[in-house]
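Presented below is the structure to which this report refers.
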Amino acid sequence: MTVPLFYYLVLSGIVFLTGVIGVLLRRNIIIILLSVELMLNATNINFVAFSQYFHDVAGQVFVFFALTVAAAEVAVGLAIIIALYRAKSTINIDEFQLLKW
Amino acid sequence: MILYGADLLALLPELIVVVTACLVIALDPVTPASRRDLLAWLSVGALALCLGLTGGQISVLNVRVSAFSDLVVIDAYARFWKILLYGVTGLTILMSLPYLKAERVHLGEYYGFILLALSGMMVMVSGVDLLTIYLGTELMSLSLYVMTGLNRSKPRSLEAAAKYFVLGSFSSGILLYGISLLYGLAGSTKLALIAGAIGTRGADDPLVLIATILVAVGFGFKLAAVPFHMWTPDVYQGAPTSVTAFLAVAAKAASFAAFMRVFVEGLGGLKADWSLLFLLISLVTLVLGNVVAIVQTNIKRMLAYSSIAHAGYALIGFVAAGRAVGASGGTPGLASVMIYLSIYSFMTLGAFAVIGMLRKGGIEGEEIEDFTGLAKRQPLAAFLMLVFMASLTGLPLSAGFIGKLYVFMAAVEAGLTWLAVIALIFAVVSAYYYMRVVMVMYMRDPNPSSVASPRLVTSPALSFVLACAVAGVILFGLFPNPLVSFALQSVLTLK
Amino acid sequence: MTYEFIPLLPLVSFLILGLFGHWIKDKAHLVAVPAVVVSLLLSLLVFFDVEGGHQTSFPIYTWLTSGTLDIHIGFSIDRLTAVMLLLVTTVSSLVHIYTIGYMHGEPGYARFFSYIALFTFSMLMLVMADNLLQLFIFWEAVGLCSYLLIGHWYERPAACSAATKAFIVNRVGDFGFMLGLLLVWYSFGSLDYYEIFPRAHESAGDVMNVLGPFGGTWDVSVLTLICVLLFTGAVGKSAQVPLHVWLPDAMEGPTPISALIHAATMVTAGVFLVARLAPLYNLSPAAMAVVAITGGVTMVVGATIALTQTDIKRVVAYSTVSQLGYMIMACGLGAYAAGMYHLLTHGAFKALLFLGCGSVIIALHHEQDMRRMGGLKNKLPVTYWTFVVGSLALAGFPLTSGFFSKDNLLVSAWSTGPLGQCLTVLGLVTVLMTAFYSFRLVFVTFWGPSHVDPHHAGHVHEPSKTMTLPLIILAVLSILTGYLGIPEFLGPMFETDAGGAAHEGGAAIGIMVVATGMGLLGIAGAYYVYVLNPALPDQFARRWQSLYQASLNKWYVDEAYDRTIVRPTFSAATELWKRVDVNVIDGAVNGVARAIAWGGWLLRIMQSGQTQHYALGMALGAVVLFTMFLFF
Amino acid sequence: MYFVTESTARWIALAATLADLFVALPLWWLFDPQASQMQFTEHVAWITTPPIYYSLGLDGISLSLVLMTAGIMPICVLVSWDAITTRVRGFMAMLLVMETALVGVFVALDFVLFFVFWEAMLVPMYLLIGVWGGPNRLYAAIKFFLYTAAGSLLLLVAILVLYFYGGHTFDILALSQGTYPASLQTWLFLAFFAAFAVKVPMFPFHTWLPDAHVEAPTAGSVILASILLKMGAYGFLRLSLPMLPDASRTFTPMMVVLSIIAIIYGAYMALAQVDLKKLIAYSSVSHMGFVTLGLFVLNQQGIEGAVLQMVNHGITTGALFLCVGMIYERTHSRLIADNVGLAAPMPQYATLLVIFALSSLGLPGTNSFVGEFLVLVGTFLWSKVATAFASLGIILAATYLLWMIQRVVFGVPSPHYLPKLRDLNQRELATLAPLVLLVFWIGLFPNPLVSRMHQSVTNTIASMSRAKVAPTAHPSAGVTAPLLADSGKQLKTQGTSR
Amino acid sequence: MEQVFFFYFALVIAAASVLVVAVRNPIYSALALLVMFFHVAGLYVTLHAEFLAAVQIIVYAGAILVLYLFVVMLLNLRQDDRYHRQWPMAAAVGVTLVIEAVILTAMKGWTTPVVATGTETTVGGTSNSEAIGDVLYFTYLFPFEVASLILLVAMIGAIILAKKDLGEPAES
């Protein structure tokens with residue numbers, strides 16, 4: 001007996017929400033990025049579940065691309081983090097507020 | 001086996017852009033610093049070529065051609081935006097030349113990135129599959145993140161990049177989740193199939209609603225619509241001015257293009273829902289943008305808020321399209337958005353070009369006060385700024401008026417007269433801060449005591465940019481016919 | 001056509017002097033005098049022409065048409081006009097001549113001549129008008145001339161304020177005039193005499209609820225309303241109570257002006273108006289009563305004030321007020337002819353008196369206070385004798401013009417019924433006062449010891465021929481006008497004239513006797529008090545302190561106006577400006593602006609610079625949208 | 001523009017304005033008073049979707065205003081000849097732009113075109129005040145800009161609404177023939193009102209005027225007073241009355257009351273002023289009250305009087321501002337207290353000032369009397385009490401103006417200023433002389449001018465009494481009506497919240 | 001049987017995700033994420049997405065996470081990483097969203113999506129990776145190119161941003 005699609009949705013929902021809360025919660029940019037990864041993984045879970053449900057491989061292809069994009073984002077993100085750290089030896093995002101109002 | 005020849009031909013402009021980008025990036029290390037201008041001119045040349053090609057396509061195939069197994073289409077709608085994007089990108093490159101030199105960050109890669117971002121935008125505007133649209137968005141965004149942080153010597157630039165990146169990836173995560181739900185809804189990411197699925201399943205499906213809202217949030221971030229706008233002021237202020245201009249003009253235009261395609265072609269069945277949603281958003285957006293802009297002292301930041309407000313005005317047209325009744329349907333509304341954005345691009349580019357010219361001592365003079373008495377020292381520049389400000393205010397004889405005219409006509413036709421009234425009241429508010437710039441330039445005398453009174457760095461390229469911008473503002477203001485008819489016939493392919 | 005030339009000549013001389021006076025300077029009289037003298041001769045022609053029974057009325061050009069409104073400038077020549085023409089041109093020419101000497105060497109010589117030329121023109125147009133609007137236009141024009149001439153010596157603050165006062169007080173009267181005018185047009189559809197008068201009877205019955213707009217009910221006959229409103233204009237122009245306050249102040253102007261404008265011609269325009277509109281007034285007894293009573297009151301008030309004034313010109317001025325009261329009263333009682341008759345004679349002898357005052361003042365180097373005069377009768381014989389003639393006429397001494405006209409007036413008044421009789425009694429009392437103050441003037445000025453400022457006392461002498469000649473001519477006229485039979489000439493004008501019933505019956509004889517007695521008594525009293533024992537006046541003044549003060553201070557009318565109207569208006573204006581305009585209205589405007597800016601400050605706080613606040617904002621936005629869709 | 005020296009700029013501006021005047025003058029004779037339709041029309045397509053035309057035309061009403069504008073502008077150039085010393089080119093350019101916009105407003109027959117001209121004059125005026133103005137010019141300029149812009153933007157919405165109800169056209173004449181539901185008319189009227197009442201300015205919306213006038217350079221004040229204020233009244237006459245007859249009738253009491261308040265209130269304000277320009281500014285409020293009063297009693301006399309009064313006010317008040325400007329050039333003070341006793345040192349100036357003051361207080365024989373008389377006649381037909389109150393304004397006008405004269409012209413000048421008080425020079429006389437002639441010409445022979453209005457005014461009134469509205473005006477009406485109802489609420493709140 | 005697997009994976013995934021967000025030390029949360037990735041891969045396997053499972057482990061766990069750890073080590077950050085001050089709001093947002101999701105599904109009810117027409121390739125016939133490769137290089141060629149561009153951008157961008165000096169010649 002198979003698992004209902006709904007379960008997967010609930011799971012991905014939980015993960016996604018955790019990711020969102022992580023972004024709102026953590027000050028360390030790296031962890032914020034990790035939270036974003038959570039969100040992306042939640043998405044991927046959706047896609048794979050649906051693609052299985054529809055017997056349609058397109059969903060998995062989408063996951064493949066999402067993965068690529070995630071990798072790219074990580075590259076850029078980490079570069080930015082390093083540059084930030086060089087400038088102001090911290091990567092707590094809330095300590096960067098030259099720009100406000 | 002499928003033969004992609006025809007498809008490649010259709011996507012020739014994209015190819016040219018990408019190839020040029022790679023070429024620029026490859027050539028950069030081997031070009032001496034003094035010759036880097038050539039890279040810029042090379043890019044501009046490529047854009048001119050694309051302009052020619054896409055322009056040629058108008059007459060050749062005036063139908064909707066889909067390529068690469070219906071992942072992208074080349075239709076009049078896409079071509080409208082592409083032509084606009086070529087134009088603004090070219091102008092941005094030209095205005096970057098002197099600016100980057102003055103800022104001492106004249107990197108060859110910069111032009112490569114602009115072109116890559118452009119290719120991303122082109123994918124966005126011609127994509128009819130959420131996958132391509134998403135990838136295009138990402139391509140654009142990643143390039144923009146890098147460009148924002150380009151001026152690493154300035155902490156502000158870096159901070160802007162960080163904020164932009166964090167929030168950008170956050171929003172794209174949200175967007176992607178929405179897309180995944182839509183996929184689950186339709187079993188495909190093709191807009192047409194999604195529309196069909198919505199048609200069969202009806203609007204009150206939890207999946208549909210959640211997906212719609214998530215996608216709306218994702219795009220709302222790209223459009224800088226309240227409450228997803230908050231990155232805009234910081235990023236616009238921190239980014240190098242030329243990049244700010246590119247963000248404010250090209251990125252916004254491309255986002256609007258994709259946004260409208262997704263919501264009209266894909267989620268058209270939910271008109272009733274999202275028109276209400278965006279009605280709320282547009283209202284809040286233009287109110288907040290205008291009101292907060294009043295209290296700004298940094299002109300880039302002020303223009304950031306003004307661009308938020310303008311997004312609000314453009315959204316009115318979109319809402320009108322959603323609410324439209326009667327024979328004409330949503331066409332006038334959508335066309336008005338296209339008209340508004342093309343006009344907005346010219347005036348905003350012009351304004352940023354003038355700002356980019358202004359230098360105080362070694363650094364960039366971007367406080368409104370730095371414009372004090374500009375009319376005495378640089379009458380022509382001041383006059384151009386005056387024209388751009390008047391146009392942004394939406395005064396007649398300038399293009400800004402035409403833009404507002406069509407948006408509000410659409411609104412009134414859709415029975416949103418009260419919205420138009422509120423929007424216009426806040427246009428008066430906007431008049432205050434735009435005219436304050438004029439006031440500072442014309443009505444205050446430069447105090448001789450000031451250590452480094454701002455001067456203007458100018459160059460042929462920049463003059464050309466300004467000439468184009470002001471020509472656009474004036475000509476579209478006096479003879480809007482070509483633009484209007486082009487927009488009206490382009491929008492017809494959107495369905 | 002002779003008619004046009006009568007006003008045209010003064011106009012031309014005005015234009016010449018006004019535009020080129022700068023160069024003409026003290027040759028100005030060479031332009032002005034001939035012009036007005038010629039128009040005098042022309043008006044003589046017109047007079048005899050009219051006496052021959054020839055009357056005419058014709059338009060000159062269309063002034064304004066709009067919808068049913070159609071107004072043209074035109075002339076209407078009849079007996080009334082002829083008489084007025086004669087009066088105006090005569091006095092005007094004499095004053096012109098007199099001015100040559102009086103204003104000699106003044107900086108504003110040419111300007112002065114141009115003004116009086118303009119005045120003559122306007123006055124002539126006024127009397128020749130054939131419709132009410134033209135009358136009104138020149139009614140205001142003469143007011144303007146009076147304004148300019150009173151303010152002729154603009155360095156003197158008193159003169160300036162007097163001028164302003166005169167104009168504004170007249171404006172108050174004209175306010176009523178204007179409304180009356182509109183009402184006439186409203187109810188007759190025209191403003192031309194020959195349209196209105198025949199149709200006056202038709203609308204005799206019409207009533208109008210004047211309290212309607214305020215919810216009340218008070219039906220007033222339209223005609224009465226018209227007459228009363230128009231009469232307010234007359235009240236202002238002819239210095240009737242309560243708008244008489246401007247005339248005495250107007251004495252700040254040069255004396256020839258006082259003679260021409262503020263005695264002989266302009267101030268009588270009110271009388272002329274009432275007489276001209278007799279056909280309307282006759283149909284409205286109520287309005288008539290108002291007119292008559294106003295005149296009566298003015299008559300008494302003017303006389304009582306004149307008793308105690310010490311400024312030589314002011315005495316004459318108040319006597320003018322009082323005499324105008326007589327005329328208005330007469331018209332109000334329907335004795336138009338008598339009124340006009342008195343207007344004419346009064347024009348002669350009052351002009352004479354003013355010019356006499358003028359020569360005294362000149363002789364004493366602009367000294368106007370009676371108490372610093374005295375004993376001048378030998379030094380200024382001509383002035384003295386002419387002055388005496390004028391005073392006799394004013395006092396109604398038998399066989400002077402004043403005697404006939406005043407007697408005729410009182411008799412006609414008596415014959416109009418109870419109201420007339422009460423007013424006649426008042427009139428008789430006033431005769432007494434008139435005689436008294438006029439001869440007080442004579443005795444104090446010319447008789448007794450000299451109180452003249454010793455500096456000038458030495459070389460006080462008779463002024464030049466150009467000034468004495470008009471005096472003599474006017475003296476002759478103030479006798480002669482009594483025998484010209486003016487009432488008979490005017491009689492036909494006013495069919496319902498009481499003057500017809502004047503000279504028969506015992507009442508007439510009685511009134512004549514009493515009036516004469518009163519006059520003589522007054523003269524005698526003046527002689528007793530001011531010649532035989534000069535201490536008396538002060539005793540009287542002390543005994544009836546309050547009365548004396550009241551009279552001396554003109555019954556405190558000016559003060560009252562100042563307290564109740566003038567000052568409150570100005571303070572109200574200032575308060576209104578500071579409070580309402582600056583604080584409330586502009587405050588609201590700036591308030592809105594400030595509020596929006598304040599909102600901006602408030603909203604920008606959200607933009608904290610904290611990336612995660614921004615993310616939170618996005619999340620909250622999403623939540624809001626969710627909620628919206630959940631519950632809508 | 002940068003190759004032009006300043007003096008050349010002056011001459012060019014003068015030549016341009018004079019040329020315009022000489023082009024405009026023949027209209028006086030070429031104009032056919034009998035013709036009931038627009039004359040000298042011009043109709044060129046401008047924008048295809050929606051159909052917007054560059055269409056111009058003259059009728060008896062606009063004729064006088066166009067002529068007045070053409071006549072005032074050279075005077076403005078002349079008066080700025082020496083007064084403006086900085087950035088002369090810009091100044092003259094702004095004047096010329098103003099002239100274009102102003103004339104355009106009076107002749108535009110397409111609603112959008114009208115609006116374009118209407119708004120086009122904002123920026124030039126903003127600069128005129130803000131760049132060449134007095135000490136407090138920044139506040140005055142921005143206040144003027146926002147105040148007027150706020151009003152006119154509501155007008156834009158009204159224009160668009162009319163477009164969809166009036167059969168998808170912007171043709172003013174066509175729209176004037178259309179019939180619109182009563183409720184719609186109400187809201188539209190309020191929107192129009194917001195735009196026009198601010199420009200006129202009517203009573204509660206007048207506070208921008210004193211500031212703008214006081215700070216503006218002389219030429220600016222003259223343009224403001226003579227021409228700009230007329231745009232509002234003209235709008236009422238050309239747009240509100242014919243397009244929204246029912247609403248106009250409904251609102252007549254309100255308009256009349258506001259006008260009378262303006263008349264009396266403005267006069268009171270003027271009474272309280274110590275600054276000459278402020279005094280005259282408030283007197284304009286009072287005089288424009290007569291204009292609006294005449295317009296909204298909705299009869300021949302009233303409207304003709306109003307139009308005439310527009311011209312008169314343009315001539316007289318413009319001249320008064322010129323006078324103030326001239327004395328300001330000498331003493332550099334606009335305070336009444338500083339400029340006293342001008343009669344002795346400057347007789348010509350004093351004479352002219354007195355003449356214009358008398359004309360302004362409506363002395364018979366001068367132009368203003370004719371206008372005020374006609375307005376009062378018209379008002380009398382509408383309500384006698386209103387007439388009585390309005391006439392009070394005439395007394396008050398006499399009071400504040402004569403009091404001003406008494407203080408400024410009469411008396412003895414203060415020795416401190418005496419050396420500066422030289423009499424008018426040829427140029428200044430040249431600026432004022434034509435106005436004096438007009439004052440008396442209109443005052444003594446008003447008929448040629450008024451008779452040219454008859455036909456047009458008759459048309460306006462006739463179009464007001466056209467058939468009442470049909471239940472459904474336009475297909476889209478049915479749909480938009482409910483939404484438009486609450487749009488109306490918006491308008492209302494906006495209208496009253498200011 | 002499948003359900004057991006699912007519940008195991010789901011439980012661990014959820015727990016790991018919460019840990020990622022919750023633990024103070026970046027290294028720990030990175031490791032938690034590692035765990036989560038592995039279990040997601042497992043889930044993929046149960047869903048017959050072997051290829052993706054492999055990629056998940058190789059790319060995510062193998063590349064991305066290592067990169068993260070590398071950076072974390074490199075920057076050897078302070079241990080005490082407090083939550084952001086706005087954590088109550090964040091919690092509120094989370095809770096509200098959950099509640100609303102529940103209400104939504106409760107109100108509108110859950111309907112399984114219909115199998116849409118026009119799906120290209122079915123899974124199962126051929127092996128999963130074959131199918132994907134097939135689709136990827138024909139149907140999805142265009143996105144593939146775009147993705148390559150994205151990687152290009154990321155690469156050069158990272159270089160530009162992280163490069164020590166910009167090698168910018170002083171022009172003045």
Side-chain angles (χ1 to χ4, degrees), chain C residues 22 61-69 73 111 122 133 136-141 143-144 147-148 151 154-157 159-161 163-164 167-168 171-172 174-175 178-179 182-183 185-186 208 210 212-214 569-570 572-578 580-582 585-586 588-590 592-593, chain D residues 143 146-147 204 206-208 210 265 268-273 282 299-301 304-305 341 343-344 347 354 358 361 363-365 369-370 373-374 376-377 380-381 383-385 387-388 391-392 394-396 398-400 402-403 405-406 409-412 444-447 450-451 453-454 497-498:
Chain C
H22 190 59
Y61 73 91
T62 307
W63 185 67
L64 177 62
T65 61
S66 170
T68 56
L69 183 74
I73 298 297
R111 182 160 54 96
S122 319
L133 191 78
F136 180 73
I137 291 177
F138 291 100
W139 180 274
E140 289 250 356
L144 166 67
Y147 168 77
L148 293 170
Y154 47 75
E155 300 86 352
R156 298 188 192 164
C160 308
S161 42
T164 312
F167 198 103
I168 293 171
R171 261 289 159 114
V172 176
D174 298 345
F175 165 72
M178 177 58 111
L179 290 180
L182 294 171
L183 192 51
W185 180 78
Y186 183 73
M208 191 172 112
V210 289
F214 310 106
T569 309
F570 277 95
T574 319
E575 287 305 300
L576 208 58
W577 177 50
K578 293 219 177 83
V580 177
D581 211 54
V582 175
I585 299 177
D586 224 10
V589 174
N590 296 334
V592 171
Chain D
K143 190 175 183 180
L146 295 181
Y147 226 130
H206 64 279
T207 49
W208 63 269
Y265 181 85
Y268 261 98
M269 293 300 108
L271 211 49
Q273 300 308 319
Y282 276 114
N299 56 41
Q300 185 100 19
Q301 288 85 1
E304 285 178 4
V354 171
L358 290 171
L361 63 83
L363 186 83
F369 171 74
V370 190
F373 175 70
L374 273 176
L376 288 176
V377 170
F380 202 80
L381 294 175
S383 148
K384 302 177 184 50
V385 181
T387 322
S391 320
L392 279 179
I394 300 185
I395 300 181
L396 289 168
T399 316
Y400 62 77
L402 290 180
W403 199 45
I405 290 292
Q406 183 183 331
V409 173
F410 297 152
V412 281
L444 299 173
F445 310 98
N447 211 36
V450 178
S451 57
M453 303 172 191
H454 290 334
S497 72
R498 208 175 333 88

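Atoms considered below: every heavy atom in the structure, side chains included; atoms not considered: hydrogens, waters and symmetry mates. Below, chain A is the first sequence line, B the second, and so on; all start at residue 1.
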Is V377(D) close to chain C through its backbone or its side chain, or both, or neither, when contacts mean heavy atoms under 4.5 Å? both
The interface call for N590(C) against chain D, heavy-atom contacts under 4.5 Å, is side chain
Atom OG1 in T68(C), atom CG in L381(D): separation rounded to 0.5 Å? 7.0 Å
Counting only heavy atoms closer than 4.5 Å, note whether L183(C) contacts chain D via side chain, backbone, both or neither. both
Using only atom types and a distance under 3.5 Å, with no angle test, would you say the side chain of E155(C) pairs donor to acceptor with the backbone of V412(D)? no
Given heavy-atom pairs under 4.5 angstrom as the criterion, report whether the side chain, backbone, both or neither of L376(D) touches chain C. both
What part of L182(C) gets closer than 4.5 Å to chain D, counting heavy atoms only: side chain, backbone, both or neither? both
When rounded to the nearest 0.5 Å, the distance separating OG of S66(C) from CD of Q301(D) is 4.5 Å
Using the side chain to side chain contact (heavy atoms under 4.5 Å, CB included) rule, take T387(D) and Y186(C) through it: C-alpha gap first, then chi angles, then the decisive distance, then the call. CA-CA 12 Å; T387(D) 322; Y186(C) 183 73; over 6 Å; no
In Å, rounded to the nearest 0.5 Å, how long is the span from OH of Y265(D) to CG of D581(C)? 3.5 Å
Against chain C, label L358(D) side chain, backbone, both or neither, depending on which of its atoms sit under 4.5 Å from a heavy atom there. side chain
Can you measure from CZ (R171(C)) to CG (L396(D)) and round to the nearest 0.5 angstrom? 10.5 Å
Which heavy atom of C160(C) sits nearest a heavy atom of G411(D), and at what distance? SG-N, 4.3 Å
Where on V582(C) is there a heavy atom nearer than 4.5 Å to chain D: the side chain, the backbone, both, or neither? neither
Side chain to side chain contact (heavy atoms under 4.5 Å, CB included) evaluation trace for L444(D) with I73(C): CA-CA 10 Å; L444(D) 299 173; I73(C) 298 297; over 6 Å; no
In terms of side-chain heavy atoms, does N447(D) have a donor or acceptor partner in T65(C) at a distance below 3.5 Å? yes
Are V589(C) and W208(D) packed together at the side-chain level, in the sense that at least one heavy-atom pair is separated by less than 4.5 angstrom? no
Just how far is it from atom CG of L363(D) to atom CD of E140(C), taken to the nearest 0.5 Å? 5.5 Å
Mind ranking Q300(D), M453(D), M269(D) by heavy-atom pairs under 4.5 Å with chain C and telling me who comes out on top? M269(D)
With a 4.5 Å cut-off on heavy-atom pairs, point out which of K578(C), M178(C), E575(C), R156(C) contacts chain D the most. M178(C)
Using 0.5 Å steps for rounding, measure from the CZ atom of F175(C) to the CD1 atom of I394(D). 9.0 Å
Check each atom of A270(D) against the heavy atoms of chain C and say whether the ones under 4.5 Å are side chain, backbone, both or neither. neither
Could you have a look at S391(D), P446(D), A343(D) and say which one has the most heavy-atom pairs with chain C under 4.5 angstrom? P446(D)
Residues in salt bridge (charged side-chain N to carboxylate O under 4.0 Å, His left out) contact with D586(C), at least two apart in sequence or another chain: K143(D)
Which bit of E304(D) is near chain C, if near means a heavy-atom gap under 4.5 Å: side chain, backbone, both or neither? side chain
Pairing residues for I405(D) by the side-chain contact (heavy atoms from CB on, under 4.5 Å) criterion, not counting sequence neighbours: Y147(C), L353(D), V354(D), A357(D), V409(D), F410(D)
Would you mind telling me which of L144(C), D174(C), L148(C) has the largest number of heavy-atom pairs within less than 4.5 Å of chain D? L144(C)
Contact class of Y400(D) relative to chain C, heavy atoms under 4.5 angstrom: neither
Is the distance between the ring centroids of W185(C) and F373(D) under 6.0 Å? no
For chain D, which of T574(C), L64(C), L133(C), I137(C) has the most heavy-atom pairs under 4.5 Å? L64(C)
Options N299(D), L146(D), L392(D), ranked by heavy-atom pairs under 4.5 Å with chain C, top entry: L392(D)
